[in-house]
Amino acid sequence: MDQKPARTRLAPSPTGRFHVANARNALYSYLIARQTGGQFILRIEDTDQRRFVPGAEEVIARSLDWLGLTPDESPFHGGPYGPYRQTERRDIYQHYSKRLVETGHAYPCFCTPERLDQMRKEQEARKVDRVRYDGLCRRLDPEEAARRVAAGEKYVIRFKMPYEGTTTAHDHIRGDIVTENRYLDDYVLLKSDGLPTYHLAAMVDDHEMKITHVLRSAEWLPTFPLHVQIIRAFGWEEPVWLHPSILLKPSGKGKMSKRDAAAAMKDGHSTFVDDLDGLGYIPEGVLNWIALMGWGVADDDVMSLDEMIERFSIDNLTPSPAAINFQKLDHFNGTHIRRLTTEQLAQRVKSFLTETGLEVDDDTLLKVTPLIRERLVTLDDSIAFASFFFKDTIEPNPEDLIAKGLDASQSAAIARESHKILASLPEMSHQTAEPPMREFVERSGWSANQVFGILRVAVTGQKVSPPLFESMEVIGKEKVLERVQHAISLLESL
RNA sequence: GCCCCCAUCGUCUAGUGGACUAGGACGCAGCCCUUUCAAGGCUACGACCGGGGUUCGAAUCCCCGUGGGGGCACCA
């Protein structure tokens, strides 16, 4: 629908979990690529060996797959612009940092961590506005610097930030951002271990991988001018920059912390995509939830991925921080569960049921699914709503068998009469069972609530259940009668 | 402390100078439906942070406050 094919990317570092913020950036990037017929790329930013977490890459890939945002190019699928793991691109960064030194945009710095530390302490003592590198090595004669490098001295490469003037960087959702260069620093581009920092690596890779739209979290705004400066130093064309707002914890006060994450989990919620599956959330619901934190939609906010591709526009991205709202997650999850076909829902619900040890046959499950569909917020709610269908026997709490306003013997009488009526029926279908039971309610003078309440607990073992007669139909006459009989003896022994 | 970003119902947002009596969604409350729980339908409650400008006219543009958030590493 749009102009040229866009190339977008998600560039997470394999340092931990895959958060909804990552997922949102992935979604928007994916959407931009899809609607222009372009590509969505996964690049792993693993240049910090100390923070590397084994297995994190797999979590990222699995989470993206689960969401349906499978990258077109990635370390796992490959692609024409690989490798897609930064530690495998060492030479490329070396090459480009050298080029920056040659053109006078960067310089080797031999300052030790100890000196830097001391320098910062002094600056802090002087109460300078902005602690920054003092430029000692920047003033070195380039030839001498080259000699020291050749001699094997340890060094980093720093970017030569202009001391004066301003840098104007343009973000598509925020407009021009003007920063005075004196507040910036001579950032390290290449570390002493020969690996690049994010600043160099990301700019080089985005250029090399022909990324047209860089969408990344607003945490990058402070170093945005640096990035623009680096690109300009290379003489490259800038991508379209998009910095969506960060996501705040539900209270709106700051980013999610470990403690917030734990609190959410206790509540059956999570901001980690790989938790959501196990908690019974479905990708459709999660995607819809994520999409709306930072994307302004006027109405009809229930959307599938395809509908999002159709409706998304980078012009509708919002710049303000958004608080994570789990009630909305629940709402969208339930809504999308209801949009599933019976077959789809049955299939997704099955593992939750079997995991509790139940034997679930597909025929029964297919009959049960329509009964529980509009009651599910998450897939695991099916355990509470449908377990009794798959059990041979149930054990109701005897107290629950006593209807409101009645005593045990009255309730037992109702149960006996119900048993008699049901036993006389040819079969247990909804249509044949309900009329005589209704008639019994009329004639007995008890309320439908009381009579059906007793029957419900007797048959399902619980006070809250899917519709009673539909449930009895699925369970079948024989088992229903057994269960009612059992309820009668429970009541009689009270 | 310094820099940057942001500012419409509790929350996510629509709104791009007059069509705003500020719209939608979540949540909340009530009603309807109903054998329970849901789902669904209807209704209610609910916001332009403050102050100055600009303009015939400002939620919308500008400035200043205030508030919130983010960043100040050889981490990303």
Side-chain angles (χ1 to χ4, degrees), chain A residues 11-15 45-48 50-51 86 109 111-113 116 120 124 127-132 154-158 171 174 177-180 182-185 187-199 201-202 216-225 243 245-246 248 250-255 289 292-302 315-316 318-332 334-335 338 372-377 381 384-385 434 437-438 441 447-457 460 462-469:
Chain A
S13 43
T15 54
E45 310 222 322
D46 57 349
T47 57
D48 187 357
R50 288 169 310 175
R51 293 207 307 158
Q86 291 185 327
C109 172
C111 293
T112 61
L116 260 18
R120 287 193 188 104
E124 270 159 31
K127 291 204 176 2
V128 296
D129 281 351
R130 186 357 172 158
V131 175
R132 56 181 339 222
K154 267 207 158 199
Y155 68 98
V156 300
I157 300 291
R158 285 183 183 274
D171 174 89
R174 293 163 198 274
I177 295 168
V178 183
T179 312
E180 292 192 50
R182 65 192 169 93
Y183 293 123
L184 272 9
D185 202 349
Y187 294 91
V188 171
L189 300 181
L190 201 71
K191 299 180 275 186
S192 58
D193 62 3
L195 282 168
T197 58
Y198 171 88
H199 307 120
R216 42 137 56 173
S217 298
E219 279 104 333
W220 291 112
L221 246 20
T223 43
F224 185 21
H243 295 88
S245 60
I246 63 151
L248 270 21
S251 67
K253 304 251 178 248
K255 298 200 281 187
W289 175 55
L292 263 20
M293 295 190 273
W295 170 11
V297 173
D299 45 31
D300 287 335
D301 59 0
V302 177
D315 296 339
N316 294 332
T318 19
S320 43
I324 287 167
N325 185 340
F326 290 117
Q327 289 177 317
K328 270 200 170 161
L329 169 60
D330 287 344
H331 167 256
F332 281 118
T335 302
R338 273 170 254 130
I372 62 173
R373 176 190 277 117
E374 58 255 22
R375 275 158 258 265
L376 302 181
V377 170
D381 288 343
F385 278 114
E434 187 166 354
M437 284 304 299
R438 289 244 175 239
V441 169
S447 75
N449 220 302
Q450 291 168 319
V451 174
F452 295 150
I454 291 168
L455 202 50
R456 160 170 286 107
V457 176
T460 70
Q462 48 200 59
K463 291 166 111 168
V464 171
S465 83
L468 180 57
F469 289 101

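First the proteins, then the strands, lettered A, B, ... as listed; each starts at 1.
- Applying the 3.5 Å distance criterion, the base of B:C74 shares a donor-acceptor pair with the side chain of A:S192.
- Salt bridge absent: A:E180 and A:R130 never bring a charged side-chain N and a carboxylate O closer than 4.0 Å.
- Among the nucleotides B:C3, B:U13, B:A76, the one closest to the side chain of A:T47 is B:A76.
- Within 3.5 Å, a donor on the side chain of A:R375 pairs with an acceptor on the base of B:C37, or the reverse.
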Polar pairs (N or O, both sides) under 3.5 Å between protein and nucleotides 23-26 of chain B?
{"unit_1": "B:G23", "atom_1": "N2", "unit_2": "A:A298", "atom_2": "O", "d": "3.4"}
{"unit_1": "B:A25", "atom_1": "O2'", "unit_2": "A:D301", "atom_2": "OD2", "d": "2.9"}
{"unit_1": "B:A25", "atom_1": "N3", "unit_2": "A:K328", "atom_2": "NZ", "d": "3.1"}
{"unit_1": "B:C26", "atom_1": "OP1", "unit_2": "A:H331", "atom_2": "NE2", "d": "3.3"}

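- Within 4.0 Å (heavy atoms only), A:P196 reaches sugar-phosphate atoms of the nucleic acid but no base atom.
- Closest contact between the side chain of A:P467 and the listed nucleotides B:C4, B:U36, B:C37 involves B:U36.
- Contact between the side-chain N/O atoms of A:R438 and the OP1/OP2 oxygens of B:U35 is found at a separation under 4.0 Å.
- Side-chain nitrogen and oxygen atoms of A:K253 include none within less than 4.0 Å of the OP1 or OP2 phosphate oxygen of B:G10.
- We find that A:R182 and A:D129 are not joined by a salt bridge, their nearest charged nitrogen and carboxylate oxygen being 4.0 Å or further apart.
- Nearest nucleotide to the side chain of A:P222, out of B:G70, B:A39, B:C6: B:G70.
- Across B:C74, B:G1, B:C6, the shortest atom-to-atom separation from the side chain of A:D129 is found for B:G1.
- In this structure, A:F452 and A:F469 have perpendicular ring planes: the angle between them is above 60°, well past the 30° mark.
- If you check every strand for non-hydrogen atoms under 4.0 Å, A:K127 touches nothing.
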